[in-house]
Amino acid sequence: MTVMIYNTMTKSKEPFEPLEADSVKMYVCGPTVYDNAHVGHAMSSIVFDVIRRYLEYRGYTVRHVMNYTDVDDKVIIRANELGEDPLELAGKYIRRYDAHLKALNVLPAEAYPRVSQEIDQIIEMVSGLIEREIAYEVEGDVYFRVSSDEDYGRLSHRNLEELQAGARLRVDDRKEDPADFALWKSAKPDEPAWESPWGKGRPGWHIECSAMSLHHLGEQIDIHGGGNDLIFPHHENEIAQSESFTQKPFAKYWVHNGMMQLSGEAMSKSTGNVFNVNEFLESYEGDVLRVLILNASYRSPLTFNEEVVEQAVRALDRIKGGLRPATPLAKIPSGTETALAEATDVARRGFEASMDDDFNTAGALGHIFNLVKEINQARTAGLEAEPLGKAQETLQELTGVLGLKLSVEEMILGKEATPYIDLLVEVRQELRQAKQWELSDLVRDRLADLGIQIEDGKEGPTWHAI
RNA sequence: GGCGACGUGGCCAAGUCCGGUAAGGCAUGGGUCUGCAAAACCCCUAUCGUGGGUUCAAAUCCCACCGUCGCCUCCA
């Protein structure tokens with residue numbers, strides 16, 4: 001089976017065939033770092049992390065690059081408000097974003113280029129576009145001549161007439177055409193600026209991604225990703241710039257994630273709801289956000305609210321429950337082991353079929369939950385640790401492809417606590433034999449407070465970390 | 001005004017491209033187990049926004065309408 005991938009350019013699912021047989025080049029537009037990241041940014045990072053992980057599961061080597069936009073109007077405005085240096089402010093948010101990515105278990109990219117560190121490459125590209133008369137300079141500003149690109153609009157499926165009909169186009173006499181966009185902006189007071197052939201200034205927004213992608217991944221890439229809010233104008237302009245410069249097709253597959261809806265008053269901070277990544281991570285582990293996001297289609301809008309978060313917490317607990325140790329019984333129904341082995345295969349095949357279909361993570365999760373159920377049934381039937389463990393390994397592997405950690409917090413205790421817990425469980429058992437319910441429940445409740453859950457099964461009690 | 005997306009059980013949501021009688025999770029109710037509890041297991045809960053049309057057959061195709069949302073020069 002081949003992986004099918006939805007391409008915004010063709011508006012259809014296409015078989016995934018990278019430019020080179022086993023290697024995938026993937027460039028994803030990262031955030032403009034002028035404020036704390038919110039869960040929508042995290043959604044994008046998680047979506048493309050899962051795409052990467054699945055392609056790796058499928059045997060590809062993935063070269064993943066994500067940029068940080070640290071030179072931008074918003075950064076400058078924010079820095080001026082706070083009386084800080086724009087690049088320092090951006091650097092601070094980049095460090096936070098890095099920490100978030102780690103906490104969210106997003107695999108490290110090959111490179112995280114920043115605009116401020118790629119000025120030379122950007123200037124080189126802008127110069128090249130001017131030489132080809134695709135761009136023109138006016139009083140220290142450089143604009144891309146949209147009319148020079150016959151294909152302009154083919155990603156967002158618009159044409160220039162439609163764009164010009166749009167009410168929001170600002171009129172600027174210095175541009176040849178209202179749709180022309182800035183490649184380089186002349187310096188204004190109190191802005192970070194770099195020397196260039198057109199005087200001091202800074203790059204426009206779109207050119208950075210063309211230049212960075214070229215610099216780090218080469219002229220042609222396989223996947224270009226980002227939020228669907230970037231389709232126009234950002235990605236449209238990237239295509240225009242890159243292809244005008246290299247005379248080659250830029251990205252083979254354009255992949256866009258849907259927007260997370262941080263809707264309504266329910267999301268306000270005053271009600272205690274979280275939507276910043278750091279606030280979210282204060283209350284929940286990263287896996288919760290993953291489950292929440294992966295339970296839906298990455299291309300569709302996703303509503304984020306407290307109820308959905310709670311559902312994700314429970315769903316995650318259920319998956320973790322599948323990893324609980326075996327509680328073997330003397331008599332096991334015949335066929336339990338082979339049934340579980342078969343169910344494991346079915347789950348893996350279903351998982352792959354779903355993921356092959358444009359990374360249908362919600363469908364894939366369905367198969368994972370089915371596997372959890374099978375494991376639980378086998379455990380309830382009394383299957384021994386080893387055959388149960390095989391199914392659990394598959395569960396770990398598949399959830400790992402989705403980037404779930406499934407960390408059980410027994411680490412807080414450390415192995416050395418185990419004999420003492422065993423002792424307490426044993427004491428409680430003695431108390432139960434003596435029908436000293438109050439005391440035995442006290443032990444159970446206090447252990448629960450400490451994060452240890454006792455469960456009374458047919459063959460006596462077992463315990464696990466919560 | 002233009003381009004596009006979405007509307008499936010109480011909630012989230014897969015399935016829609018390749019039509020054949022609705023995955024999964026959460027919640028609820030009932031049951032098994034149990035001193036109680038927890039967990040687990042078993043059972044129950046939908047005809048797919050509305051109205052037409054095509055078809056032996058439609059959540060899936062076509063038309064219209066309603067509703068929600070995104071983008072239209074710098075937001076993942």
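Proteins come first, then strands; the chains are lettered A, B, ... in the order of their sequence lines, and each starts at number 1.
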I'd like the [atom1] distance from [M] over to [N], given in whole Å.
| N | M | atom1 | result |
| --- | --- | --- | --- |
| B:A57 | B:C71 | C1' | 39 Å |
| B:G7 | B:C65 | C1' | 14 Å |
| B:A14 | B:C56 | P | 32 Å |
| B:G20 | B:G4 | P | 27 Å |

Residue A:Lys92 excluded, over 12 heavy atoms near NZ under 6.0 Å = yes
Counting only side-chain heavy atoms from C-beta out, which of [options] sits nearest to [X]?
| X | options | result |
| --- | --- | --- |
| A:Ala179 | B:C71, B:G4, B:U73 | B:U73 |
| A:Thr32 | B:A76, B:U73, B:A14 | B:A76 |
| A:Arg158 | B:C71, B:A27, B:C75 | B:C71 |

List the protein contact pattern of nucleotides 35-40 of chain B with one symbol per nucleotide (5' to 3'): B for base contact, S for sugar-phosphate-only contact, - for none; contact means a heavy-atom distance under 4.0 Å.
-> BBBBSS
Listing time: all N or O pairs from protein to nucleotides 47-49 of chain B that are below 3.5 Å?
none

Kindly indicate whether a cation-pi arrangement holds for A:Arg318 with A:Phe369, taking the cut-offs as under 6.0 Å to the six-membered ring centre and within 45° of the axis.
-> no
Taking only residues two or more places apart in sequence, or in another chain, which ones meet A:Asp73 in a salt bridge (charged side-chain N to carboxylate O under 4.0 Å, His left out)?
-> A:Lys185, A:Arg202
Give a yes/no answer on whether the side chain of A:Asn360 brings an N or O atom under 4.0 Å of OP1 or OP2 in B:G15.
->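 Affirmative; the distance criterion is met.
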Is there a side-chain polar atom (N or O) of A:Ser300 under 4.0 Å from OP1 or OP2 of B:A13?
->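 Answer no for this pair, as no side-chain N or O of A:Ser300 is under 4.0 Å from OP1 or OP2.
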